[in-house]
Amino acid sequence: MGNRLKELRAARSLNQQQLGQLVGASRQTISLIERGDYNPSITLALRIARVFQMPVEEIFYLTGEEES
């Protein structure tokens, strides 16, 4: 799964720690999500989408093999 989290976070001038606090996750979790090393739970993905006021699918997307 890919995501636009780093790009969106930077556009809002948020660091990983600040975004983590807004969504109830650690800075490390935000970093792992941004790198694609961790897929967030549905709950966390929805919290992130709420912060950026956009649908989940505009932040997270399937890549390559996941689409088939």
Side-chain angles (χ1 to χ4, degrees):
M1 182 164 66
N3 68 75
R4 299 177 48 218
L5 192 55
K6 185 174 184 176
E7 164 194 342
L8 294 169
R9 181 178 57 74
R12 297 275 175 105
S13 299
L14 293 170
N15 63 36
Q16 291 175 339
Q17 182 72 38
Q18 291 167 326
L19 179 57
Q21 288 173 343
L22 290 172
V23 299
S26 69
R27 181 203 60 78
Q28 292 87 347
T29 297
I30 300 300
S31 175
L32 288 169
I33 294 169
E34 286 182 356
R35 292 193 324 246
D37 292 336
Y38 176 77
N39 292 330
S41 67
I42 292 171
T43 304
L44 181 52
L46 289 169
R47 287 181 186 155
I48 291 169
R50 185 181 298 155
V51 166
F52 294 109
Q53 298 178 329
M54 53 188 3
V56 172
E57 56 272 13
E58 287 189 25
I59 302 170
F60 300 97
Y61 53 88
L62 296 177
T63 59
E65 298 171 3
E66 298 165 338
E67 291 184 296
S68 47

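The chain is numbered in sequence order, starting from 1.
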Greater than 12 external heavy atoms within 6.0 Å of Arg12's CZ |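 It does: Arg12 CZ has more than 12 such atoms within range.
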So, do [X] and [Y] sit near enough that their side-chain heavy atoms are less than 4.5 Å apart?
X: Leu19; Y: Leu5; result: yes
X: Glu34; Y: Arg9; result: yes
X: Leu14; Y: Leu22; result: yes

Whether Arg27 side chain and Gly20 backbone form a donor-acceptor pair below 3.5 Å |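 Here the side-chain-to-backbone pair does not exist.
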Ignoring hydrogens and geometry, is there a side-chain-to-backbone donor-acceptor pair from Gln18 to Asn15 under 3.5 Å?
->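 Checking the backbone N and O of Asn15 against the side chain of Gln18, a donor-acceptor pair under 3.5 Å is found.
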Please report the shortest heavy-atom distance between Met1 and Phe60, naming the atom on each side.
->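 Scanning both residues, the minimum pair turns out to be SD-CB, 3.9 Å.
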Do you know the tightest heavy-atom contact between Val56 and Ala49?
->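 Smallest interatomic distance, heavy atoms only, reads CG2-CB, 3.7 Å.
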From [X] [atom1] over to [Y] [atom2], what is the distance, rounded to the nearest 0.5 angstrom?
X: Gln28; Y: Tyr38; atom1: CD; atom2: OH; answer: 12.5 Å
X: Gln17; Y: Ser31; atom1: CD; atom2: OG; answer: 11.5 Å
X: Ile48; Y: Arg4; atom1: CD1; atom2: CZ; answer: 13.5 Å

Only one of Ile30, Ile33, Asn39 passes side-chain contact (heavy atoms from CB on, under 4.5 Å) with Leu44; say which it is.
->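 Only one option passes, and that is Ile33.
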